[in-house]
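One structure is given below, encoded as structure tokens.
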Amino acid sequence: MEPVFAAILGYLCGSIPFGLLLTQAAGIGDVRDIGSGNIGATNVLRTGNKGLAAGTLLLDLLKGFVAVFLAGFLSFAFYDDMGVQTNIPTDPDVLKAFAAGGAVIGHCYPVWLKFKGGKGVATNAGVAFGLAWPVGLAYAAVWIGMLAIFRISSLAGMAAVVAAAAAAPLFGYPQFFPVLAAIALLIIYLHRENIGRLMKGEEPKIGGKK
């Protein structure tokens, strides 16, 4: 049951809608009523409050990291009446992978918001750092680099999630490739409308005209 517990832990952490909570606490209202309607940092930025957007980005990242970090401690050993261990605890890396997937799914489909959340880019950044810091660095480098060059949030995010999946086996963490690849496919699917606008040259740039 340990992988199930890890996935539930990840989901509960990931489903905390920080973008919505921060904008409501600041008196801005419901962030879902503006822009793309999602709860992520990019949409929070459309409120014009850069501080709230930065806070959302950081907290969404942290919840992914915390979920994976905590899952590493969920291996349980069971003993019979004679004190003999009766099971083989689940590999912590397996638990981390389940928590990683749960965290991103929780952010994208939070039960508290009728399963309508964000697109998972920032949460997956935290997940990547939680799984293995070299993978996290690859994620951050590609994300920041693409954002600096093209100033298109969706493009940078999709490039980063693919980079994280590719970096896992390259940096010696092949056990994390399946979950990172699955997350990448989910995030790219959630960006399908952005992809359509990119192909038409209509995707807005950060700091550009609305």
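Residue numbers count from 1 along this sequence. Quantities reported herein were computed from a predicted structural model and do not represent experimental measurements.
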* To do: Could you go through the side-chain contact (heavy atoms from CB on, under 4.5 Å) check for Phe98 and Val179 one step at a time?
  => CA-CA 8 Å; Phe98 272 85; Val179 69; over 6 Å; no
* Please confirm whether the backbone N or O of Val127 pairs with a side-chain atom of Asn124, one donor and one acceptor, at under 3.5 Å? => no
* Asked: Side chain of Arg46, backbone of Gly35: donor and acceptor closer than 3.5 Å?
  -> no
* Asked: Quick check: does any side chain N or O of Ser36 sit under 3.5 Å from a backbone N or O of Asn43, one acting as donor and the other as acceptor?
  -> no
* To do: Output, in order, the C-alpha distance, side-chain angles, deciding distance and verdict of side-chain contact (heavy atoms from CB on, under 4.5 Å) for Val162 and Ile188.
  => CA-CA 9 Å; Val162 172; Ile188 290 172; 3.9 Å; yes
* Give a yes-or-no answer on whether the side chains of Ser153 and Thr42 include a donor-acceptor pair shorter than 3.5 Å. => yes
* Consider only side-chain N and O atoms of His107 and Lys63, and report whether a donor and an acceptor are under 3.5 Å apart. => yes
* **Close side-chain approach of Ile105 to Leu186, heavy-atom, < 4.5 Å** => yes
* To do: Write out all pairs satisfying ring-ring contact (aromatic ring centres under 6.0 Å, His included) with one or both partners inside residues 141-184, taking only residues at least two apart or from two chains.
  => Tyr139-Trp143
* So, the side chain of Glu2 versus the backbone of Phe76: is there a donor-acceptor pair under 3.5 Å, distance only? -> yes
* Is the side chain of Thr86 donor-acceptor paired with the backbone N or O of Phe78 at a distance under 3.5 Å, no angle test? -> yes
* Asked: With a 3.5 Å cut-off and no angle check, do the side chains of Lys116 and Asn38 form a donor-acceptor pair?
  -> no
* With sequence neighbours excluded, residues passing side-chain contact (heavy atoms from CB on, under 4.5 Å) with Met199 -> Ile195
* Counting distance only, does the side-chain N/O of Thr23 pair as donor-acceptor with the main-chain N or O of Leu20 below 3.5 Å? -> yes
* Asked: If only atom types and distance count, is the side chain of Tyr11 paired as donor or acceptor with the main-chain N or O of Val111 below 3.5 Å?
  -> yes
* **Short N-O contact, Glu203 and Arg197, less than 4.0 angstrom** => yes
* Can you sort out the partners of Trp112 under side-chain hydrogen bond (donor to acceptor under 3.5 Å, both in side chains), two or more places apart, ordered by chain and number? => Ser15
* Answer yes if the side chains of Thr47 and Asn49 hold a donor-acceptor pair under 3.5 Å, and no otherwise. => no
